[in-house]
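Below is one structure, written out as structure tokens; comments come after it.
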Amino acid sequence: MPELPEVETTRRGLAPRMTGRRIAAVIVREPRLRQRVPRRLAEQATGATIRSVDRRAKYLLIATDRGTLIVHLGMSGRLWIVDRHTPPAAHDHFDLVLDDGTVIRLRDPRRFGLVLWQTGDALAHPLLARIGPEPLSLAFGGSALHAATRHRSAAIKLVLMDGHVVAGVGNIYANEALFRAGIRPTTPARRISRARCDRLAEKVREVLAEAIAAGGSSLRDYVGSDGEAGFFQDRFMVYGRAGEPCLRCATTIRELRQGQRATFWCPRCQR
DNA sequence: CTTTTGACCTGACAGC
DNA sequence: TGCTGTCAGGTCAAAA
């Protein structure tokens, strides 16, 4: 379900409701996520006071005075606020109950998500330590992208989706950024000039920022932490539009497979 | 080191 | 209606 804009939308919805609150209870109904939910999570986290709710790539970092709860939504996860009397439904694997009665609930049918606990520096966790620069930070730009791609013969779209090159660019926004940059997704990464790296990095930032401003994209059942749907899906130029006319030049949008993921592109606008 | 492939898991949907 | 096959927003480990 969620790419970076959806995770950021979730973070923004949760942060004001969670910051400063104490964790009153931790309920694990199904520990078998991508990694097993730590057995001692409840005893470690209960009673901790939440300092902040942050994001690194697509990981949510709920920092407390005792350690950090690391949550990833995988493909189908969603983290939202429910009334404390809402009975858990199917796939509601995890609840965080706060001292004011707020319940933060994780629903994840496919169980590709994660709930982990890390004491000390959360960013030192093995899953986070080697992630590339945040796309919306100053550390990412044409210069960084150019440097990271010089020895990569793989297709630019695959490299863009490699979290060690740049954090959090998933399938939808990789497709959309490449369209905006006018770059063919199959181009070997090392063949992209510095000028085009500048342009591509700029378009990655632009499309992510626009999607965050729109509250993310609501596909299938995704909604934000407050239950509101995002609406960026209405602005897709290529994603999911195979066979339809390009919104810029009317050429038929094409589809191919790269790394077992669907790629959509306009053969005229992207070269 | 990089690249490629398969694995994890459930639900929705198309086609028969 | 039910079966089968395919696909889905992510990421990692293993093999080449």
Side-chain angles (χ1 to χ4, degrees), chain A residues 1-11 29-37 55-60 70-80 89-94 106-116 125-132 135 147-177 186-191 207-208 211-212 214-225 229-236 238-243 255-264:
Chain A
M1 168 198 315
E3 289 202 33
L4 188 151
E6 292 73 49
V7 177
E8 177 62 17
T9 297
T10 299
R11 187 195 71 76
R29 298 187 194 81
E30 173 54 86
R32 296 174 302 165
L33 304 184
R34 194 173 103 213
Q35 287 181 24
R36 200 199 146 83
V37 177
R55 180 188 56 73
R56 176 77 171 101
K58 295 168 192 159
Y59 292 88
L60 285 165
I70 300 174
V71 178
H72 195 286
L73 301 178
M75 288 278 266
S76 60
R78 146 177 153 186
L79 195 63
W80 55 347
H91 311 302
D92 285 349
H93 306 312
F94 174 83
L106 173 71
R107 176 177 299 174
D108 182 10
R110 292 178 75 180
R111 289 194 272 120
F112 288 170
L114 286 174
V115 175
L116 300 171
H125 190 283
L127 292 176
L128 300 176
R130 290 182 328 215
I131 291 178
T149 50
R150 287 315 86 189
H151 55 108
R152 301 291 297 265
S153 59
I156 183 61
K157 186 193 173 225
L158 292 172
V159 175
L160 207 52
M161 290 178 67
D162 179 346
H164 304 289
V165 172
V166 54
V169 179
N171 197 34
I172 291 177
Y173 298 103
N175 276 298
E176 295 296 318
T186 48
T187 308
R190 71 202 312 177
R191 302 267 181 246
V207 72
L208 291 175
I212 290 168
S217 301
S218 294
L219 298 187
R220 299 172 191 86
D221 61 353
Y222 173 80
V223 292
S225 62
F231 51 86
F232 192 76
Q233 67 280 5
D234 298 334
R235 304 233 290 270
F236 291 166
V238 290
Y239 183 81
R241 298 194 64 249
E255 177 176 0
L256 61 87
R257 298 247 136 215
Q258 290 180 287
Q260 310 167 108
R261 311 300 296 276
T263 295
F264 303 90

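For the numbers below, each heavy atom of this structure counts, side chains included, while hydrogens, waters and symmetry mates do not. Note on naming: letters A, B, ... go to the chains in the order of the sequence lines (proteins, then strands), and numbering restarts at 1 for each one. None of the values given here were measured: they were computed from a predicted structure.
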query = Considering only side-chain heavy atoms of A:Y239, which listed nucleotide, C:dT11, C:dA8, C:dC12, is closest?
reply = C:dA8
message = Given C:dC12, C:dG10, C:dA8, identify the nucleotide with an atom nearest to the side chain of A:R257.
response =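 The listed nucleotide nearest to A:R257's side chain is C:dA8.
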Between [atom2] of [N] and [atom1] of [X], the distance in whole Å:
| X | N | atom1 | atom2 | answer |
| --- | --- | --- | --- | --- |
| A:H72 | C:dC12 | NE2 | C1' | 11 Å |
| A:L33 | C:dT11 | CG | P | 15 Å |
| A:L114 | C:dT11 | CG | P | 9 Å |
| A:F112 | C:dC7 | CZ | P | 15 Å |
| A:L256 | C:dC7 | CG | P | 13 Å |
| A:M161 | C:dT11 | CE | C1' | 10 Å |
| A:Q233 | C:dA8 | CD | P | 17 Å |

task = Could you tell me whether A:F232 contacts a base, only the sugar-phosphate backbone, or nothing, with contacts defined as non-hydrogen atoms closer than 4.0 Å?
result = nothing
key: Along DNA chain C (nearest heavy atom to each residue), the more 5'-positioned of A:A262 and A:G168   =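 The residue closer to the strand's 5' end, by nearest nucleotide, is A:A262.
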note = Residue pair A:Q260/A:H151 against DNA chain B: nearer the 5' end by closest nucleotide is A:H151
task = May I ask you to decide if the ring planes of A:Y239 and A:F264 are parallel, tilted or perpendicular, using 30° and 60° as cut-offs?
result = perpendicular
query = So, does the side chain of A:R261 form a donor-acceptor pair with the base of C:dA8 at under 3.5 Å?
reply = no
request  = Starting at the 5' end of DNA chain C, write a dot or bracket for each base, bracketing those in Watson-Crick or G-U wobble pairs whose two distances are under 3.5 Å and using | for partners on another strand.
outcome  = .|||||||.|||||||
ask   = Side chain of A:Q258, backbone of A:T263: donor and acceptor closer than 3.5 Å?
value = no
message = Need two values: the first and the last nucleotide of DNA chain B, 5' to 3', having an atom under 4.0 Å from any heavy-atom of chain A.
response =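 Taking any atom under 4.0 Å from a heavy atom of chain A, the span is B:dT2 to B:dG11.
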